[in-house]
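Notes for the one structure printed next.
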Amino acid sequence: MDLLSNKWIINLLVCCFYLGKWFSSGAGCRHTLTCVRCNSVEKKIYVHLNYKIPCVRLLNATHQIGCQSSLSGNVGVLHVLESEENLDWVLRSGPNPPYMVILEYRLFTRSIMMKLKNGSGRVAGVAVVAPNTNPAAGFSPHNTCPNENTGVYTEKYDPTMAHCNVTVWNPLGNGLSYEEFDFPIFSLKDDNETQVIRQCYYDHNHVVNGSAPQYPLCAMQLYSHMSAVTDTATCMRRNDINFSLNPDMVCDPLGDFNVWASTRPINNTAKGHKNGESVVIAAARLDSRSFFFDIAPGAESGVSGFVTLLAAAHALRNVTQEAHLNRTILYTFFQGETFDYIGSSRMVYDMEKNQFAVDLDNVHSVLEIGQVGLRPNSTLWFHSDPVSRRNNSVNEEVCVENSRKLEIKTIFSATGLNVSVEEPGFSQPLPPSSFQRFLRARPIPGVVIEDHKSAFTNRFYESMYDNGEYLNISYPPNMTPEEQLEHITDTARVSKVSKAGPPLSTFYFFLSVTQMLYSFLVQSNNSWIQQLMTSDYANHLTDRPANLYVGVAVQQSEPTYLVQHLLANLTGSTVNATQDNCKNQRMDPDDKDSKHLYYYFWVQGAAPPNSTERQGFCVRSTVRLSKALSPAFDLHQYTSTDYSTWTESRWKPITGRIFLVASHDLEMLTLGVGIGILLTSLLLTYFFSSKAEILFSSGREPATATY
Ligand SMILES: *[C@@H]1O[C@H](CO)[C@@H](O)[C@H](O)[C@H]1NC(C)=O
Ligand SMILES: *[C@@H]1O[C@H](CO)[C@@H](O)[C@H](O)[C@H]1NC(C)=O
Ligand SMILES: *[C@@H]1O[C@H](CO)[C@@H](O)[C@H](O)[C@H]1NC(C)=O
Ligand SMILES: *[C@@H]1O[C@H](CO)[C@@H](O)[C@H](O)[C@H]1NC(C)=O
Ligand SMILES: *[C@@H]1O[C@H](CO)[C@@H](O)[C@H](O)[C@H]1NC(C)=O
Ligand SMILES: *[C@@H]1O[C@H](CO)[C@@H](O)[C@H](O)[C@H]1NC(C)=O
Ligand SMILES: *[C@@H]1O[C@H](CO)[C@@H](O)[C@H](O)[C@H]1NC(C)=O
Ligand SMILES: *[C@@H]1O[C@H](CO)[C@@H](O)[C@H](O)[C@H]1NC(C)=O
Ligand SMILES: *[C@@H]1O[C@H](CO)[C@@H](O)[C@H](O)[C@H]1NC(C)=O
Ligand SMILES: *[C@@H]1O[C@H](CO)[C@@H](O)[C@H](O)[C@H]1NC(C)=O
Ligand SMILES: *[C@@H]1O[C@H](CO)[C@@H](O)[C@H](O)[C@H]1NC(C)=O
Ligand SMILES: *[C@@H]1O[C@H](CO)[C@@H](O)[C@H](O)[C@H]1NC(C)=O
């Protein structure tokens with residue numbers, strides 16, 4: 001009986017299918033007159049977009065920013081925007097709204113985007129075609145005064161310096177990254193796929209002599225619905241409610257891990273103040289962002305600074321191990337700084353709460369490396385805080401640090417960089433920097449090294465164009481990845497010519513700098529990085545530039561892993577230990593203290609020439625991770641004005657596709673036919689099942705029948 005009824009159902013389905021085909025094709029033909037057209041509607045299957053980067057929703061204490069589609073995705077008729085004047089078709093005159101607007105990157109401006117936002121009833125979504133080479137003009141979707149309210153320059157600290165009153169740091173910033181759009185915005189690559197979209201538009205939707213195009217029209221559907229709405233407090237509350245019912249969260253706090261290491265081992269088990277310890281924090285930031293979710297190359301805004309700090313840590317390894325410096329250098333790499341200083345505010349908070357290996361009393365001074373474009377003949381500017389320098393003792397220390405300009409210049413020139421070092425005017429406040437979070441706690445002396453005197457020289461701050469190309473990381477064509485890795489690029493080559501310093505170490509310095517630049521700006525999946533990684537992370541390495549977007553807490557992102565392992569390699573030493581002991585931090589039985597002072601990595605190493613088996617080894621270093629999660633989330637202060645409150649919405653898989661749509665009427669008709677078929681099949685089912693005994697009581701099929 002089972003078999004029998006199965007076959008029966010299949011027959012019924014097949015029958016319905018043909019009925020449906022017959023109905024819908026007949027209906028379609030009648031409606032659109034030309035059957036050639038309706039055939040093309042049927043034959044055209046959906047074309048799914050493979051490469052598409054969405055803009056996603058982020059929330060803070062008071063606002064939501066970013067983009068989203070409706071729950072079932074947004075569908076619109078394609079319109080390739082040719083100029084700003086052409087907007088009128090989308091916003092007013094076009095007869096088939098809503099439109100899915102395809103923008104060339106040069107039309108991705110604030111003016112056009114705000115007009116589209118205002119007319120959002122007629123806009124289903126926007127797809128921006130990213131160029132294959134960087135635009136000539138500058139572009140920054142960030143705001144003009146980054147982290148305006150969470151640095152040190154508040155009304156309370158010095159009203160004349162609040163809100164970038166003295167210097168507007170990012171004058172090119174158009175603020176698009178901080179707008180809210182109630183339609184999806186995607187980024188597409190300029191390739192064959194985009195060509196298919198354009199062709200579909202020109203074949204079906206192109207307006208000839210002002211007359212409206214005829215159905216069927218080429219349409220696009222973008223799906224990027226975001227679960228979280230309103231603000232962080234709202235979504236955290238919904239997280240709590242949801243958590244008790246099912247583990248479906250709606251948003252997650254932004255965050256990651258800070259990476260730090262000290263030139264002298266510090267007992268990391270004992271938290272809080274360390275008597276007699278005086279540390280100089282040498283800092284850089286690890287993260288960046290752009291308008292779109294996972295293209296944040298951050299070449300100048302992030303990579304240039306932390307690669308310089310890594311290289312300096314490498315260059316200073318021998319010096320700090322041999323000479324007994326009075327002070328310990330604490331190399332710190334802060335995560336999430338783009339979003340109201342997540343990493344640095346957390347470290348300062350931990351120091352205040354005795355949750356970190358040292359406390360603020362141990363901090364002698366801060367030296368931060370910001371954006372240092374690594375361009376030939378660049379000038380480095382030592383920025384300091386005019387307010388805390390009014391205090392004499394701080395001023396003296398800053399002057400001492402500034403007098404080290406010569407030493408710093410010597411270090412740089414010893415490593416081949418031909419730079420000059422200068423100070424901007426005394427009355428200029430600090431640029432956006434992690435150091436500001438330390439100053440917020442107390443007047444610590446410090447300087448921030450940047451390649452700009454006042455406004456940023458970076459023309460692509462926090463945009464997808466702040467990439468390797470912008471830093472002139474380029475390779476002769478036809479080079480294998482392996483050759484590229486070893487190739488000293490123009491950026492490094494121009495500045496390599498140097499009389500000072502031993503040539504050999506200069507060479508190795510450059511090799512490691514170019515290898516680092518290659519790993520972050522071209523691809524991390526290369527033979528050098530693979531040697532330095534632990535095996536469990538090595539297969540996460542990617543063949544594309546690193547994405548410096550911070551991600552959600554508390555997961556280690558690719559840049560954090562890379563910097564952690566690079567720092568261990570560049571400042572640590574190899575030790576003789578078995579893999580098992582190394583991984584379990586279990587060293588000599590008589591050296592019980594080592595796990596308080598050091599961290600051990602078992603790295604993959606290289607394979608010897610005639611073998612494929614890698615020879616791993618144990619690396620001992622002082623490299624540690626510390627949480628980079630805003631204290632606002634530990635304190636449950638989701639409306640905090642002191643700490644970052646940024647969260648990222650969750651979303652379902654993001655998809656996009658193009659297809660031809662028939663007119664609305666036709667769709668309604670097809671729906672009607674569909675309902676008709678459903679009713680008919682229900683009736684049939686009822687008939688068959690009520691008469692089942694009569695129909696199936698005889699003529700059993702053999703049990704071997706297959707279907
Ligand atoms: C927004 O659109 C309305 C009409 O829908 C128009 O009156 C208004 O001027 C527009 N605002 C901006 C800023 O473009
Ligand atoms: C900047 O500060 C000066 C001095 O207090 C003040 O006169 C000026 O109005 C401020 N400018 C802005 C744009 O707030
Ligand atoms: C939240 O973000 C919006 C948009 O950038 C900004 O205007 C607002 O000041 C932020 N709120 C807080 C509390 O920082
Ligand atoms: C894209 O087009 C080029 C030439 O037009 C062709 O060689 C290439 O195979 C195409 N790529 C894909 C993925 O279709
Ligand atoms: C568009 O209009 C021009 C003159 O008004 C005419 O010569 C041309 O043939 C028209 N093109 C099409 C495709 O109808
Ligand atoms: C580090 O601190 C822990 C906990 O206070 C202590 O047990 C250990 O002996 C210390 N080790 C060193 C080397 O100071
Ligand atoms: C550091 O010292 C080791 C030997 O002690 C030497 O091989 C290495 O080249 C030195 N590194 C630098 C950067 O001078
Ligand atoms: C290190 O400290 C000692 C004593 O505190 C002092 O005599 C010496 O000059 C210091 N050395 C440096 C390089 O600052
Ligand atoms: C760098 O400076 C040198 C001399 O100071 C000059 O000859 C050279 O042209 C400069 N290079 C660039 C790219 O400006
Ligand atoms: C660092 O990596 C290199 C391979 O590039 C390796 O030869 C060296 O031993 C490593 N050093 C440490 C301390 O891990
Ligand atoms: C490493 O340790 C093992 C066992 O303790 C020993 O046999 C070996 O000689 C050591 N190797 C080196 C290079 O010290
Ligand atoms: C190649 O392997 C053999 C044995 O496995 C070894 O004796 C020889 O030294 C290796 N040669 C090189 C260059 O490592």
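All values derive from a computational prediction rather than experimental measurement. Both counts, for ligands and for their atoms, begin at 1 and track the order of listing.
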On a heavy-atom basis, I'd like to know which of Asn149, Thr150, Leu59, Leu58 is closest to atom 9 (O) of ligand 3. Asn149
Rounded distance (nearest 0.5 Å) linking atom CG of Leu430 with atom CD of Glu368: 8.5 Å
Which bit of Ser573 is near ligand 10, meaning a heavy atom under 4.0 Å away: side chain, backbone, both or neither? backbone
Among all protein heavy atoms, pick out the one at the shortest distance from atom 3 (C) of ligand 11; state its residue, atom name and that distance to 0.1 Å. Asn576 ND2, 3.5 Å
Quick one: which ligand 10 atoms are inside 4.0 Å of a heavy atom on Trp528? 5 (O)
Closest protein heavy atom (residue, atom, distance) for atom 5 (O) of ligand 3: Tyr178 CD2, 3.3 Å
Could you tell me whether Tyr643 and Phe633 have their ring centroids closer than 6.0 angstrom? no
Within a distance under 4.0 Å of any heavy atom of Thr62, pick out the atoms of ligand 3 and give their elements. 1 (C), 8 (C), 10 (C), 11 (N), 12 (C), 13 (C)
Relative to ligand 10, is Leu532 under 4.0 angstrom through side chain, backbone, both or neither, heavy atoms considered? side chain
If we ignore hydrogens and angles and just use 3.5 Å, is the side chain of Arg459 paired with the main-chain N or O of Phe139 as donor and acceptor? no
Sub-4.0 Å protein heavy atom near atom 11 (N) of ligand 11: yes
For Val619, the atoms of ligand 10 under 4.0 Å from one of its heavy atoms are 14 (O)
Quick note on ligand 10: atoms under 4.0 Å from a heavy atom of Gln531 include exactly 4 (C), 5 (O)
Kindly say whether Tyr598 contributes a backbone atom to a donor-acceptor pair with the side chain of Arg624 at under 3.5 angstrom? yes
Only heavy atoms of Asn60, strictly under 4.0 Å: list the atoms of ligand 3 that pass. 1 (C), 2 (O), 3 (C), 8 (C), 10 (C), 11 (N), 12 (C), 14 (O)
When the aromatic ring centroids of Phe334 and Tyr341 are compared, is their separation below 6.0 Å? no
Short N/O distance, under 3.5 Å, between Asn569 and ligand 10? yes
When you look for heavy atoms under 4.0 Å from ligand 3, do you find them on the side chain of Trp646, its backbone, both, or neither? side chain
Counting from 1 in the order shown, the ligand 10 atoms closer than 4.0 Å to a non-hydrogen atom of Gly572 are 13 (C)
Looking at CG of Asn147 and OH of Tyr153, how far apart are the two atoms once the value is rounded to the nearest 0.5 Å? 13.5 Å
Given the side-chain rings of Phe292 and Phe186, with only the six-membered ring counted for Trp, is the space between their centroids under 6.0 Å? no
Check: His565 ring centre within less than 6.0 Å of Tyr537 ring centre: no
Tyr331 ring centre to Arg264 NZ or CZ under 6.0 Å, with the angle to the axis within 45°? no
